[in-house]
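Encoded as structure tokens, the structure appears first; notes follow it.
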Amino acid sequence: MEKIIYSFEMQINKNVDRNVLKRLLSIMIKNPDNDVIDHLLWGYSSFYDMSLFQEARLVLAAILKIKPKLYIPFLKELKKIVKKTYSKNPDVIFFLKIIYLYEPLWVLRSLEKSKGILDNKLINFFNDIKSEYEQYNNLSNEIDDIFTGLLQYEEREYSFFDMILF
Amino acid sequence: MKKSSINDEVILYYLLGLGKISKKSKFYKKHIAFIDKYDFSYKDFNLTGNGFDSDELNMVYEFLSCFKKGKNDRSYIVAEQFFQKYVSSDYRILIGIYSLRLGFEIDYSENLDEEIILNSYKLYLQKQYSKSYKKISEIHFLSKYERIVDFIMLLSSIQLNQIEESWSIYHSLQKKVGENELMNRIKADIYYKSGKLNKCKSIVNKLYKNNYRKNDRTNFAHLCLLQKSYNEYYHFLKDNIKLEEEYFFLAKFYHRKGLLDKAYEMYQKCDQSKYPVNKMLGLIEYQLGNMKESYNHFIKEDQLRGYSQDNDKMIRYIKLEHRWKK
């Protein structure tokens, strides 16, 4: 894997060959350890910085094929990409969706701050998670009522009378 | 041979708990034999030649036996036959009252007294207390069955919170009836409605001790809770649980006090399909921070006892909390 990663670095630092890049990515996603993920995120950022958007998209496609759970140690890196590319990157939503799984509040706040520059896709995403958050907060108050209510001793409609059969 | 109407009336009141009867009478001995010896089995009672002299009364006892044993289909047939056969019998009121409790639709429009009494009682059972009161008032002081009229009027006026009137009817009825279980129950109801819980509780406690009926135990326990006499409630139930419902009450008691382990143990003793056991266990697990277990209990509650709004909220909340509370 070290050789593959080295070749991947070469693709970024020197002239890129898309066919080679595709082959390297297909091998990397089969062994998605921390080193691989770290390089994929770095690769995405680098291609993006160099305005090699097609190559960046190839890396993004590889990133999305890896289980989101494996990105937990890389949330900081993901956030950096989001912050850096917010206004101009149409793919930022994919990164936001991964972060949303683990830090939804950060995503909500971040989208809220950038509300003015969001495209339609991001606005819809923002509205969805905002309504989910509101639902969570509303339910949170209702849950308190459930606890109070269920543990209260119900006032019964008493009647000690019953037609007695002997 | 048909008995005289006065005797029928006395027996009718006695059977309704609204009158006394001489313990030396032939009727009383047979009645006691029916209850004690034949355990309400009219068939056994009749086969041994112990039946009453009157066919009419035999039919009444057959009906009461079926009623007591929960044989509702047979009760209905006997009631129908009785109403067809004995168009002017005093016992029609008795059979009518018990039939209404079972929800039978029987034509009881043979005479005005009967129609008003039974319609009023029907309205009472339907919790239309005001209408029931109005209806029975039509024949107040006019009916042959004065005690039954007073009795239904009393029941309705208690539910309408007409406390003064209730006491007035109660005292007048008690003069005729004397003290018995039925009158004591009514007295407890009046005390309850007038907010005199101590007096009510004292009667219910006596009722429970003298004639074991399961509702009296639970009513007593609930009255303790209403009075916030938690220690009394706890000691009453703690070492003496007899009914499943009481496990549930005690579990809720522990739960409310924050004794979650004990509450958990008590909830587990209750029938999960009869009581919201899983809902309560779900709440306990939630309080302990065991979200997965809590979620599973709420799902189980949903499967066993069907949809409930609270349950649905808890399920949605736990799912959302898992995501948002980070």
Side-chain angles (χ1 to χ4, degrees), chain A residues 67-69 71-76 78-79 96-112 125-166, chain B residues 15-17 31 34-35 40 64 67-68 97-98 101 127 154-155 158-159 180-182 184-189 191-193 200 203-204 207 211 213 215-216 218-219 222-223 225-226 233 249 252-253 255-256 276 279-280 283 286-287 309-311 313-314 316-318 320-321 323-326:
Chain A
K67 282 181 187 164
K69 209 176 166 183
Y71 285 97
I72 294 176
F74 298 97
L75 291 174
K76 251 188 194 170
L78 288 167
K79 285 177 193 172
L96 283 169
K97 279 185 176 172
I98 298 173
I99 304 169
Y100 161 74
L101 295 176
Y102 307 102
E103 289 190 27
L105 213 51
W106 185 89
V107 175
L108 183 68
R109 302 276 179 256
S110 163
L111 286 166
E112 215 158 27
F125 180 55
F126 169 67
N127 287 337
D128 285 351
I129 64 170
K130 195 180 166 204
S131 98
E132 193 184 270
Y133 186 61
E134 281 166 1
Q135 199 189 2
Y136 166 69
N137 280 327
N138 291 339
L139 274 173
S140 171
N141 296 329
E142 288 176 37
I143 294 310
D144 288 345
D145 294 343
I146 291 177
F147 269 96
T148 324
L150 281 180
L151 291 178
Q152 253 168 10
Y153 299 110
E154 61 270 29
E155 297 250 339
R156 283 183 154 193
E157 194 181 323
Y158 277 91
S159 180
F160 304 102
F161 154 73
D162 195 0
M163 282 305 295
I164 300 153
L165 193 51
F166 319 126
Chain B
L15 292 178
L16 283 171
H31 171 78
F34 169 72
I35 295 168
F40 290 96
L64 294 177
F67 176 90
K68 183 78 182 176
I97 282 176
Y98 284 110
R101 283 173 58 82
K127 300 191 177 183
L154 177 54
L155 294 180
I158 293 171
Q159 295 306 325
N180 64 17
E181 189 187 340
L182 180 69
N184 275 325
R185 285 181 186 280
I186 291 171
K187 203 192 233 173
D189 265 349
Y191 278 135
Y192 178 74
K193 283 281 178 186
C200 173
I203 298 175
V204 174
L207 285 170
N211 312 275
R213 289 178 203 268
N215 284 345
D216 293 330
T218 40
N219 284 339
H222 264 254
L223 283 169
L225 288 181
L226 274 184
Y233 172 84
F249 290 154
K252 266 181 120 177
F253 175 78
H255 197 164
R256 204 177 183 213
K279 184 184 276 183
M280 303 314 273
L283 292 180
Y286 181 87
Q287 285 169 293
Q309 214 178 17
D310 285 350
N311 228 29
K313 278 182 191 166
M314 286 305 298
R316 280 191 293 138
Y317 182 69
I318 293 173
L320 288 172
E321 193 182 43
R323 170 163 299 151
W324 287 95
K325 198 179 179 183
K326 297 205 190 243

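All values below come from the heavy atoms of this structure, side chains included, with hydrogens, waters and symmetry mates left out.
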Original post:
Relative to the ring of A/F147, is the ring of B/Y286 parallel (under 30°), tilted (30 to 60°) or perpendicular (over 60°)?
Top reply: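 Plane angle between 30° and 60°, so tilted.
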Original post:
Does any heavy atom of chain B fall under 4.5 Å from the side chain of A/E132, the backbone, both, or neither of them?
Top reply: both
Original post:
Between A/I146 and B/L283, which heavy-atom pair has the shortest distance, and what is it?
Top reply: CG2-CD2, 4.4 Å
Say you draw a straight line from [atom1] of [X] to [atom2] of [Y]; how long is it, rounded to the nearest 0.5 Å?
X      : Y      : atom1 : atom2 : answer
B/I318 : A/I143 : CD1   : CD1   : 7.5 Å
B/M314 : A/E142 : CE    : CD    : 11.5 Å
B/R323 : A/L105 : CZ    : CG    : 12.5 Å

Original post:
Can you name the side chain to side chain contact (heavy atoms under 4.5 Å, CB included) partners of A/K67, sequence neighbours left out?
Top reply: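 Applying side chain to side chain contact (heavy atoms under 4.5 Å, CB included) to A/K67 gives A/L70.
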Subject >> A/Y133: partners by ring pair (Phe, Tyr, Trp, His ring centres under 6.0 Å), with sequence neighbours left out >> reply: B/W324
**OP:** Counting only heavy atoms closer than 4.5 Å, note whether B/K279 contacts chain A via side chain, backbone, both or neither.
**Re:** side chain
Original post:
Between A/Y136 and B/R316, does any side-chain donor sit less than 3.5 Å from a side-chain acceptor?
Top reply: no
